[in-house]
Amino acid sequence: MGLLTLTPGLDTALILRTAALGHRRRVWGVVLGIQSGTLVWGVLTSLGVTALLTASHLTYETLRWAGAAYLVWMGGRLLWATWRHAPSESPQTAGTGGTTGARTGAGDTLLGGWRQGIVTNLLNPKMGAFYVAMLPQFIPAGASHLAPGVLLAGVHILLAVAWACALIAFAHVLRDRLQRPAARRCLDRITGTVIAAFGIRLALEQ
């Protein structure tokens, strides 16, 4: 779980970008949303529900395409915002409620970040498949699956929150430089490309 947490991925990109833009409430919302999704996957796996992902091709494919479409939309929205604005303007923060909301700080909300984090996590079928493969191996034979499964998911969440704190602290150090319009556009283009690439990869994988 520790190695999985440290591996750079979509969660890392979302947390770094949100923190670098100075959205303090929203970044913690993203962290809480991602970990809420992790807890949901842990509970569903413990109850045996996520076994449907590996048993049902239709269920997995539906979730996979929904997740891919969401990631491509989110990444494309970020990229479009950077090209749509004039060089003197700062780009719209995707998913923060529009240009006006971003300029007034209305997009820096805990709830907005939480929604983005949990949707991103729950639409990733790899999380469910990973938990189906991993969690049952560490549950004692004959024991109830729910309590140990939730406990193991809790360990994963604690590791992920600790890593998120380190990412946020790192982004805070670079925040002043990344607040410049040119730097923000560059950051959004990198993040948007990474997010869209994850979506395309998810769509193309067999």
Side-chain angles (χ1 to χ4, degrees), residues 1-19 26-75 78 94-95 111-139 145-168 191-192 194-206:
M1 288 301 188
L3 292 174
L4 175 67
T5 301
L6 294 175
T7 302
L10 179 60
D11 295 352
T12 303
L14 282 177
I15 292 171
L16 280 175
R17 177 192 176 272
T18 308
R26 187 177 182 86
V27 71
W28 285 112
V30 169
V31 173
L32 291 175
I34 291 171
Q35 302 319 317
S36 295
T38 300
L39 181 61
V40 170
W41 281 120
V43 171
L44 292 179
T45 302
S46 302
L47 294 174
V49 176
T50 52
L52 290 172
L53 285 176
T54 55
S56 171
H57 179 73
L58 178 61
T59 302
Y60 185 88
E61 287 297 297
T62 300
L63 187 59
R64 182 169 72 93
W65 281 105
Y70 174 73
L71 293 179
V72 171
W73 172 81
M74 186 163 58
L78 269 176
L111 181 59
W114 181 84
R115 283 199 302 263
Q116 186 181 34
I118 192 170
V119 170
T120 301
N121 188 284
L122 291 180
L123 287 180
N124 183 5
K126 290 184 178 181
M127 279 293 297
F130 178 82
Y131 266 39
V132 167
M134 290 294 295
L135 284 190
Q137 301 183 52
F138 298 96
I139 297 177
H145 281 204
L146 183 59
V150 172
L151 178 62
L152 290 171
V155 172
H156 187 195
I157 289 171
L158 288 176
L159 290 171
V161 170
W163 179 235
C165 290
L167 292 175
I168 292 171
T191 308
V194 169
I195 291 174
F198 271 108
I200 294 171
R201 179 183 176 185
L202 184 59
L204 295 179
E205 281 186 346
Q206 298 299 321

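Residue indices begin at 1 and follow the sequence shown.
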In terms of heavy-atom contacts, Trp28 and Cys165 come closest through CH2-SG, 3.5 Å
Separation between OG1 (Thr5) and CG (Leu159), nearest 0.5 Å, reads 5.0 Å
Given side-chain contact (heavy atoms from CB on, under 4.5 Å), test Leu152 with His156 step by step and report yes or no.
-> CA-CA 6 Å; Leu152 290 171; His156 187 195; over 6 Å; no
Between Ile15 and Val27, the two heavy atoms sitting closest are O-CG2, 3.6 Å
Notebook entry, point to check: Within a strict 4.5 Å, meaning less than it, do heavy atoms of the Ile168 and Val31 side chains meet?
Noted result: yes
Counting C-beta onward and ignoring hydrogens, is there a side-chain heavy-atom pair between Thr120 and Leu71 closer than 4.5 Å?
yes
When every non-hydrogen atom of Phe198 is compared with those of Gly9, the smallest separation belongs to CZ-CA, 3.7 Å
OG1 of Thr45 to CG of Leu146, rounded to nearest 0.5 Å, is 11.0 Å
Using a 4.5 Å cut-off on heavy atoms from C-beta on, say whether the side chain of Leu39 contacts that of Gln35.
no
**Study point:** Ile195 side chain reached by Arg17 side chain, heavy atoms, under 4.5 Å
**Key:** no
Interatomic distance, CD1@Ile34 vs OG1@Thr12, rounded to 0.5 Å, equals 8.0 Å
### Task
Say whether Asn121 and Trp41, considering side chains only, have a donor N or O and an acceptor N or O under 3.5 Å apart.
yes
The reported gap from CD1 in Ile139 to CG in Leu151 (rounded to nearest 0.5 angstrom) is 10.0 Å
| How about Leu32 and Val161: do any of their side-chain heavy atoms sit closer than 4.5 Å? | no
Heavy-atom closest pair (Met127 atom, Thr38 atom, distance to 0.1 Å) is CE-OG1, 4.0 Å
CG of Leu10 to CE of Met74, rounded to nearest 0.5 Å, is 5.5 Å
Taking every heavy atom of Gly149 against every heavy atom of Ser46, the minimum-distance pair comes out as CA-OG, 3.1 Å
Taking every heavy atom of Ser36 against every heavy atom of Ile118, the minimum-distance pair comes out as CB-CD1, 3.9 Å
